[in-house]
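We're numbering straight along the sequence, starting at 1. In what follows, every heavy atom counts, from backbone to side chain, and hydrogens, waters and symmetry copies are set aside. Since we're looking at a predicted model, the values are computed, not measured.
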Amino acid sequence: MRNYLKVLVAVVSLLACWSCSDDSEPAGNLEGSWYGTRVYYNPASGSKYQYLTVKFESDGSGSSVYEGPTVYGVAKFAYKVKGGVVQCRGAYASSSGESDEEFEMDLRMEGDRLIPLNKYTQFILTKDNSVLTDGNGNEIVDQSEQLQQVWLDKEGRTVMEIYDDKKFIEYTLSAPFAKTYSYIREGTYWYDAARKLINFQGYQWEILSLSSSEMSLKRDGRIVKYKAGKDSDIPKPKL
C-alpha cells in the first residue's frame, strides 16, 4: 500500500489542470476536513462502526480516509465543483489489496453537509462530525431528551417516569386512571438510537414512534401507547 500511495500522488498531479478548468465553480466553505460516522448492528458481534474523513485543500487537491472494522482505505484526488456537486478524481488503495487508478467520487453540497452520490453513499459528511447514520445510510436522530419525562399509558394502567441518568420508575395504577398505585417497578434502562430500541431492566421494546408528546412501544406483538404527562400525574401509594 505504501508503494501505491506514490502512484496516488502522481495521479493527482496529472489531474491538477483538470481541477482548475474554467467550468469549475467557487468552492465556498468546502476547504477543510469533513467527517462521517456509520453504525450498524451485527447479531454475532454487536454494533460496528465505520468512519470516513474527506479533506479538501485550497490548491484543488484532496484526500479521503475510510476506516472500517476490517479495512482501511486511502484516496488522493483532485477536485472541482460543478452544478453544486464536488467532483473528485484520483486513485485509491486499501489494506485489503484493492486499488483503483481511476477513482471517482461525487458529493452533493447541501448547506453544511456533503452527501456522497456514487461512493460511500451510507455516510453523511459534516465538518463537526455531528451526523451519525445507520446500516441503511439513514440519519440517526438521538431522541434521548424526548424520552426523559413522565409518560401516561393511554389505556390508563401505568405511569412511567424516565430520568436523564438512565433510571426509570413505573407505577401500576390501582385502577384505570386512578390517582394511586398498587405496584411500583424501578431500575435502569438503555436506549439504542441506531436500532430504535429501549430496554427497561431486561425487557427490550421497539420504539415505533417518539415525539415530545407521544410514544409507542412494541414487544412480542404487544403495542403500548403513551402520552406525555407532568409531575402532578405521578400517583400516590394506595392506602
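Looking only at side-chain heavy atoms (C-beta outward), K179 and L173 stay at 4.5 Å or farther from each other. Within the 4.5 Å cutoff, the side chain of I124 has heavy atoms near those of the R113 side chain. Side-chain contact between M109 and V85 is absent, with no heavy-atom pair separated by less than 4.5 Å. The side-chain heavy atoms of L117 and L107, taken from C-beta on, include no pair separated by under 4.5 Å. In this structure, Y171 and T158 have side chains that are not in contact, with every pair of non-hydrogen atoms separated by 4.5 Å or more. Residues T133 and N138 are not in side-chain contact: their nearest non-hydrogen atoms beyond the backbone lie 4.5 Å or more apart. Within the 4.5 Å cutoff, the side chain of T37 has heavy atoms near those of the N129 side chain. Taking 4.5 Å as the limit, every side-chain heavy atom of D134 sits out of range of all side-chain heavy atoms of V39.
Among residues at least two apart or in separate chains, ring-ring contact (aromatic ring centres under 6.0 Å, His included) pairs with a member in residues 107-157 are Y66-Y120. Pairs engaging residues 215-226 under the side-chain hydrogen bond (donor to acceptor under 3.5 Å, both in side chains) rule: none recorded [sequence neighbours left out]. For residues 160-169, the side-chain hydrogen bond (donor to acceptor under 3.5 Å, both in side chains) pairs, not counting sequence neighbours, are E161-Y163.
Here the closest heavy-atom approach between residue D192 and residue W190 is recorded as CB-CZ3, 3.4 Å. Residues Y191 and V141 share a closest heavy-atom pair of OH-O, 3.7 Å. For the pair V86 and F56, the tightest heavy-atom approach, listed with the atom from each and the gap, is CG1-CE2, 3.6 Å. Across all their heavy atoms, L147 and M215 have their closest contact at CD2-SD, 3.6 Å. Considering every non-hydrogen atom in both R38 and G135, the closest pair reads NH2-O, 2.7 Å. Between Q201 and G187, the closest heavy-atom pair is OE1-CA, 3.2 Å.
Note that OG of S209 and CG of L217 are 8.0 Å apart. Values are rounded to the nearest 0.5 Å. The distance from the CD atom of E145 to the OG atom of S212 is 12.0 Å, given to the nearest 0.5 Å. A distance of 7.0 Å separates SG in C88 from CZ in F103, rounded to the nearest 0.5 Å. In this structure, CG in D142 is found 12.5 Å from OG in S130, a value given to the nearest 0.5 Å. L114 contributes atom CG, which lies 5.5 Å from atom CG of L125 (distance to the nearest 0.5 angstrom). Distance CD/Q50 to OH/Y40: 5.0 Å, rounded to 0.5 Å.
Electrostatic pairing of K154 and E214 counts as a salt bridge here, judged by a charged N lying under 4.0 Å from a carboxylate O.
Side-chain heavy atoms closer than 4.5 Å link hydrophobic residues (I, L, V, M, F, W, Y) into clusters, and following such links, possibly through other members, connects Y181 to I234. Residues L210 and M160 share a single hydrophobic cluster, defined by chaining ILVMFWY side chains whose heavy atoms lie under 4.5 Å apart. Put simply, W205 and I207 are part of the same group of oily side chains (I, L, V, M, F, W, Y) that touch within less than 4.5 Å, one to the next. In the hydrophobic clustering of this structure, L52 does not group with V131; members are Ile, Leu, Val, Met, Phe, Trp, Tyr whose side-chain heavy atoms approach within less than 4.5 Å, directly or through other members. Under the 4.5 Å side-chain heavy-atom criterion for ILVMFWY residues, a single connected hydrophobic cluster contains both Y49 and I140.
No donor-acceptor pair closer than 3.5 Å links the side chain of E186 to the backbone N or O of F168. Between the side chain of S95 and the backbone N or O of V71, no donor-acceptor pair lies under 3.5 Å. At distances below 3.5 Å, at least one donor-acceptor pair connects side-chain atoms of K127 with backbone N or O atoms of N29. At least one donor-acceptor pair closer than 3.5 Å links the side chain of S174 to the backbone N or O of T180.
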Problem - Residue pair Y92, E98: steps toward the side-chain contact (heavy atoms from CB on, under 4.5 Å) verdict - result: CA-CA 8 Å; Y92 170 86; E98 180 185 1; 4.1 Å; yes
Exercise for the section: Show the numbers, then the answer: is there a side-chain contact (heavy atoms from CB on, under 4.5 Å) between T188 and F200? Expected result: CA-CA 6 Å; T188 59; F200 295 106; over 6 Å; no
Practice task
Could you walk me through whether Y189 and I198 pass the side-chain contact (heavy atoms from CB on, under 4.5 Å) test, one step at a time?
Solution key: CA-CA 7 Å; Y189 75 92; I198 186 167; 3.9 Å; yes
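Residue E139 qualifies as enclosed at atom CD: its count of foreign heavy atoms under 6.0 Å is above 12. Counting non-hydrogen atoms of neighbouring residues, nucleotides and ligands closer than 6.0 angstrom, the OH atom of Y203 reaches no more than 12 such neighbours.
Here S211 pairs with S213 under the side-chain hydrogen bond (donor to acceptor under 3.5 Å, both in side chains) rule; sequence neighbours left out. Residues meeting the side-chain hydrogen bond (donor to acceptor under 3.5 Å, both in side chains) test with E110, sequence neighbours left out: R108. Residues forming a side-chain hydrogen bond (donor to acceptor under 3.5 Å, both in side chains) with R185 (at least two apart in sequence, or on another chain): E170.
Using a 30° and 60° split on the angle between ring planes, F77 and Y79 fall in the perpendicular class, above 60°.
The one candidate from K119, Q87, R89 that meets the side-chain hydrogen bond (donor to acceptor under 3.5 Å, both in side chains) condition with D106 is R89.
Checked by atom type, the side-chain pair Q146/Q143 shows a donor-acceptor distance below 3.5 Å.
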